[in-house]
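Before any comments, here is the structure.
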Amino acid sequence: MIEITDFRDPALDLYARTPEVQLLRYREPKPGVFIAESPKVIERALDSGYEPVSFLMEPKHVETQGKEILERCPDVPVYVAELSVLNQLTGFSLTRGMLCLMNRREILPIEEVCQNAGRVAVLENVVNPTNIGAIVRSAAALGMDAVLFTSDCSDPLYRRAVRVSMGTIFQIPWTIFDKEKWAASGVEMLHELGFQTAAMALREDSLSIGDERLRSEKKLAIVLGTEGDGLADHTIAGCDYTVRIPMTHGVDSLNVAAASAVAFWQLRSGKD
């Protein structure tokens with residue numbers, strides 16, 4: 001246990017004064033680090049094999065909600081600080097008393113992540129961490145076997161994305177498409193892996209999401225686009241299906257996170 005009494009203590013630098021982009025690149029060319037918050041999220045990360053670097057918490061949580069986690073990691077430094085110090089950490093009040101700095105892992109190849117998958121979600125340039133977290137949580141809960149991000153998406157291990165996902169980012173396989181590879185041949189690569197592709201887009205010639213052909217596909221990749229502009233035209237053109245969610249009351253579209261939940265449930269494998 002290492003007591004922190006001053007917010008300016010260098011031990012807090014990675015928690016309090018290092019932008020997340022710098023955490024991502026902290027050990028370049030090796031993977032960097034990220035921050036997980038709340039006992040539930042930290043526990044799910046540990047269960048998935050992520051390695052903790054250090055913990056930060058209020059002293060009162062050492063023997064309460066953090067006790068079992070700390071017992072799993074007896075050799076990891078634990079920084080403790082009173083709430084008056086921690087309140088200077090932006091957003092700490094949302095962490096439920098516990099933060100953990102963790103090592104990132106190498107990004108897995110697309111082929112490995114998709115090897116045994118029947119349903120995958122593909123996110124193209126989704127930039128809001130809250131949407132990333134919500135989509136991942138829906139994907140894990142509603143029948144997706146993996147999530148693929150293009151490199152222009154917000155990082156799925158950004159603190160807010162991890163928090164909103166409730167740690168489900170550690171429970172579902174995921175990886176990142178190289179930017180150039182996705183633009184040049186991403187949809188073609190999905191086809192080579194055996195997937196039919198369904199672009200979620202508002203087009204005149206789109207299928208209703210309830211069309212039986214979609215759910216009957218053995219392997220289906222559901223492709224969702226960035227907030228506002230949606231999918232790129234060339235992505236839509238390359239997909240096998242263009243799919244829409246029917247709307248009522250004159251509403252023309254849903255937030256991408258809400259649309260993803262509808263799509264994942266409706267287009268899950270017909271065996272489910």
Side-chain angles (χ1 to χ4, degrees), residues 1-106 126-137 140 153-171 174 257:
M1 299 293 167
I2 304 166
E3 185 177 4
I4 304 294
T5 58
D6 186 344
F7 182 72
R8 295 167 293 181
D9 192 311
L12 291 183
D13 283 350
L14 292 178
Y15 288 100
R17 287 176 285 277
T18 306
E20 293 200 89
V21 171
Q22 292 184 26
L23 293 179
L24 173 62
R25 300 169 180 166
Y26 183 61
R27 294 188 174 124
E28 281 187 330
K30 295 181 179 180
V33 293
F34 68 95
I35 295 173
E37 56 183 286
S38 88
K40 181 183 291 293
V41 170
I42 295 169
E43 187 172 32
R44 286 176 172 171
L46 293 173
D47 289 345
S48 298
Y50 282 86
E51 298 177 349
V53 176
S54 65
F55 295 98
L56 175 63
M57 58 179 41
E58 291 181 66
K60 67 180 182 181
H61 295 314
V62 171
E63 293 297 327
T64 55
Q65 58 184 322
K67 183 177 181 179
E68 291 185 7
I69 292 175
L70 298 184
E71 288 174 349
R72 294 176 60 175
C73 311
D75 299 322
V76 178
V78 181
Y79 299 106
V80 294
E82 295 296 338
L83 189 60
S84 59
V85 176
L86 296 178
N87 275 341
Q88 298 175 66
L89 262 165
T90 302
F92 189 83
S93 60
L94 301 176
T95 67
R96 300 181 184 178
M98 190 173 189
L99 295 173
C100 182
L101 187 72
M102 307 193 100
N103 287 320
R104 289 174 177 264
R105 301 198 296 218
E106 295 286 351
V126 178
V127 297
N128 186 308
T130 298
N131 284 335
I132 291 286
I135 293 169
V136 167
R137 189 175 183 183
C153 284
S154 176
D155 182 358
L157 291 183
Y158 275 173
R159 184 173 161 189
R160 184 168 183 80
V162 171
R163 181 172 70 236
V164 174
S165 84
M166 288 298 294
T168 54
I169 189 64
F170 308 120
Q171 296 176 299
W174 61 273

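Every value quoted in this text rests on a predicted model; they were computed, and no experiment measured them. Positions are given from 1, in the same order as the sequence printed here.
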Atom CZ of R8 with >12 non-hydrogen neighbours under 6.0 angstrom: no

Min side-chain heavy-atom separation I132-R160 under 4.5 Å: no

Residue pair Y26 / T18, side-chain heavy-atom distance below 4.5 Å: no

Rounded at 0.5 Å granularity, tell me how far CD in E37 sits from CE in M57. 13.0 Å

Taking only residues two or more places apart in sequence or in another chain, which ones pass salt bridge (charged side-chain N to carboxylate O under 4.0 Å, His left out) with D47? R72

Say you draw a straight line from CG of L157 to CG of L23; how long is it, rounded to the nearest 0.5 Å? 11.0 Å

If we only count heavy atoms from C-beta on, is the M1 to V62 side-chain gap below 4.5 Å? yes

Between SG of C73 and CZ of F55, what distance do you get to the nearest 0.5 Å? 4.0 Å

Side chains of R159 and V162: closer than 4.5 Å at any heavy-atom pair? no

Shortest non-hydrogen contact between E82 and P59, atoms and distance: OE2-CG, 3.6 Å

Side-chain heavy-atom pair I35, L56 within 4.5 angstrom cut-off: no

Who passes side-chain contact (heavy atoms from CB on, under 4.5 Å) against R25, sequence neighbours left out? V21, E28

Sorted by chain and number, sequence neighbours left out, side-chain contact (heavy atoms from CB on, under 4.5 Å) with A36 holds for F34, V41, I42, M102

May I ask you to decide if M166's main-chain N or O and R44's side chain share a donor-acceptor pair within less than 3.5 Å? yes

Tightest non-hydrogen contact, residues V53 and V33, listed as CG2-CG1, 4.5 Å

Spacing of I2 atom CD1 and S54 atom OG [to the nearest 0.5 Å]: 8.5 Å

Going by heavy atoms in the side chains, are P129 and V164 under 4.5 Å from each other? no

Of the non-hydrogen atoms in P52 and C100, which two are nearest, and what is the gap between them? CB-SG, 3.7 Å

Of all residues at least two apart in sequence or in a different chain, which pass the side chain to side chain donor-acceptor pair (under 3.5 Å) check with R17? D13

If every non-hydrogen atom of S154 is compared with every non-hydrogen atom of V127, which pair is closest and at what distance? CB-O, 3.3 Å

With sequence neighbours excluded, residues passing side-chain contact (heavy atoms from CB on, under 4.5 Å) with N128: T130, N131, E227

Partner residues of E51 under the side-chain contact (heavy atoms from CB on, under 4.5 Å) criterion, sequence neighbours left out: N103

Is the number of heavy atoms from other residues, nucleotides or ligands within 6.0 Å of CD (E71) greater than 12? yes

With heavy-atom distances below 4.5 Å as the criterion, would you say the side chains of L70 and M98 are in contact? yes

How far apart are the closest heavy atoms of F7 and V85, and which atoms are they? CD1-O, 3.8 Å

To the closest 0.5 Å, what do you measure between CD1 (I169) and CZ (R163)? 15.0 Å

Distance col, row L101:CG vs Y15:OH, nearest 0.5 angstrom, shows 5.0 Å

